Each structure stands twice: as C-alpha cells, then as structure tokens.
Participant: 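I'd like to ask some things about the structure below.
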Amino acid sequence: MNPEPGDGRARGAAPRNIILVGFMGSGKSTVGRGLARLRGWRFVDTDAVIRDGVSGRPIPELFAEEGEAAFRDRETTALRAVCDGERQVIATGGGAVLRPENVELLRQAGLVVWLTARPDVVVARTGHRVADRPLLASGGGDLLAHVLRLLGERGPLYQAAAHLIVDTSDRPPPAIVQEIDRKAVRRWHAPRQKGEPA
Ligand code: S3P
C-alpha cells in the first residue's frame, strides 16, 4: 500500500472520489454500488463507460475483434473522462492498474481502495461466467492456476496503487461497504504523519 502522496484532496477534506481497484470477482461493482448509495454519490463502472462508447458492444466481443491493446486504450480514455468528475464511487476493470498512467490518474482523482479476495473466492465468484471475462477465458482449463498466475503479476500493482486495502473474501457486501466508509472517513479526518498506515 502506498498511503502518500495525493488522493485528490487537501489534508482533512473528503477526497473527490473513491476508486475501487482489484482483481476480477473482488466485488468492485457490488460494493461500489452500495458505497455510492451510502454516501449519496454517483456510481460509475468504467467497463460500462467503455461499453457505452462502443454502442453497448460486450467487452468479450471487443477483445476478440480489436485485441487487448485496443481495449486498454479505450480503458485509459474512459478513466480520463471519469476521473474529471467528483462525488463518485468508481469501479474500475481488473486490469486498470496495468498502465502506470492510469494509476497516476486514479490516485490524483481520489482515494484508491484495493479490494482483495482469496484466489478460491475469486474462482467461486467468477467460475460460472468465465466467458464474460476474456482475461479469465484465455487461461485454459485450470482456472485457479490461471487466477494465481495473474494475481502474482498484478498484486504488486494493486498494492502500489492503493491508499487503503479491504478484504472482501468472507463478508457480505454491506459489511464491506461499512468498513470502507469507516476507514475512508477516518483517513481523511485524522491528519497522519508521513508514512503512517491508513
Ligand atoms: C479485466 C477485467 C474486467 C474487464 C476486462 C479486463 C482484466 O473487469 O475490464 O474483461 O484485465 O482484469 P472486471 O474486473 O470488472 O471483471
């Protein structure tokens, strides 16, 4: 986790946005919707923004027709547009942290929260609809091994992007929403020493 610098706020003030990063199946959309409701903020899902930009074409279709690099370009464009806003809970795609420029954008736009989930939980949450997620579908037969491999690559990137980390493995979404809100509010109300964990 990287608590300093920046989360789009002056010390003691609320951040402009709360941004959820994390692996596929970590609960970003479900938790994000609940958190937005709790705070009275807008919920934005960047995958939905990407789909809106291509007349609703599904993401697996984009991957198949244009390839991953083109998808990542669309993702960066969507993140730029969304990060201009405020009072939003933003759920990002699991690969949003792959580009350093995205991470920079997100950290400037608000408080970045990494939602974690154990690999077996990810498999349980995503295994029945692997076709919806091209990055999982490309792994072949052993989903757990593929998830472990991707998590190994991405874990350090989520970690470096995050101001806060919240595990979603064994609790229902409302409890996770409460925990994020509590930690976020505590973080922006209590001035910290440089380097002190949130
Ligand atoms: C991706 C995650 C997906 C979506 C795309 C790529 C990834 O979003 O952006 O399929 O690279 O991890 P979710 O994390 O919401 O499933």
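Heads up: numbering here begins at 1 and tracks the sequence. Here the structure is a predicted model, which means the values were calculated and not measured. All ligand and atom numbering here is 1-based and tracks the order in the structure.
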Participant: For residues Leu164 and Lys183, report the shortest heavy-atom separation together with the two atoms involved.
Facilitator: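 Distance-wise, the nearest heavy atoms are CD1-CB, 3.9 Å.
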
Participant: Say whether Arg154, considering both its backbone and side-chain N or O atoms, lies within less than 3.5 Å of an N or O atom on ligand 1.
Facilitator: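 Such a contact does occur with ligand 1.
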
Participant: Checking side chain to side chain donor-acceptor pair (under 3.5 Å) between Arg118 and each of Thr168, Asp167, Asp170, which is the one that passes?
Facilitator: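 For Arg118, the side chain to side chain donor-acceptor pair (under 3.5 Å) check succeeds only for Asp170.
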
Participant: In chain order, what residues pass the side-chain contact (heavy atoms from CB on, under 4.5 Å) check against Arg39, with sequence neighbours excluded?
Facilitator: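 Scan of Arg39 (side-chain contact (heavy atoms from CB on, under 4.5 Å), adjacent residues dropped) gives Ile18, Leu35, Trp41, Asp181, Val185, Trp188.
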
Participant: In terms of atom number and element, which parts of ligand 1 are under 4.0 angstrom from non-hydrogen atoms of Pro134?
Facilitator: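 Close to Pro134: 10 (O).
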
Participant: What atoms of ligand 1 come closer than 4.0 angstrom to any heavy atom of Arg133?
Facilitator: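 Contacts of ligand 1 toward Arg133, numbered from 1: 16 (O).
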
Participant: Are Leu105 and Glu101 packed together at the side-chain level, in the sense that at least one heavy-atom pair is separated by less than 4.5 angstrom?
Facilitator: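 Side chain of Leu105 against side chain of Glu101, heavy atoms only: no contact under 4.5 Å found.
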
Participant: What pairs with Arg87 under salt bridge (charged side-chain N to carboxylate O under 4.0 Å, His left out), at least two apart in sequence or on another chain?
Facilitator: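 Expected list: none.
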
Participant: Which heavy atom of the protein is the closest neighbour of atom 2 (C) of ligand 1, given with residue, atom name and distance?
Facilitator: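 Looking at atom 2 (C) of ligand 1, the protein heavy atom closest to it is Gly94 N, 3.3 Å.
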
Participant: For ligand 1 and Gly22, I'd like to know whether there is a polar contact (N/O to N/O, distance under 3.5 Å).
Facilitator: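 Gly22 vs ligand 1: no N/O contact under 3.5 Å.
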
Participant: Only heavy atoms of Leu135, strictly under 4.0 Å: list the atoms of ligand 1 that pass.
Facilitator: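 Heavy-atom distances to Leu135 below 4.0 Å select 11 (O).
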
Participant: So, does Arg72 sit close enough to ligand 1 that a heavy atom of it is under 4.0 Å from the ligand?
Facilitator: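 Distance cut 4.0 Å: Arg72 passes for ligand 1.
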
Participant: Just need the protein heavy atom nearest to atom 3 (C) of ligand 1, so name the residue and atom and give the distance.
Facilitator: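 Here the closest protein heavy atom is Asp47 OD2, 3.6 Å.
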
Participant: Would you mind reporting whether Leu135 and Phe63 have side-chain heavy atoms less than 4.5 Å apart?
Facilitator: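 They are in contact (side-chain heavy atoms under 4.5 Å apart), so the answer is yes.
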
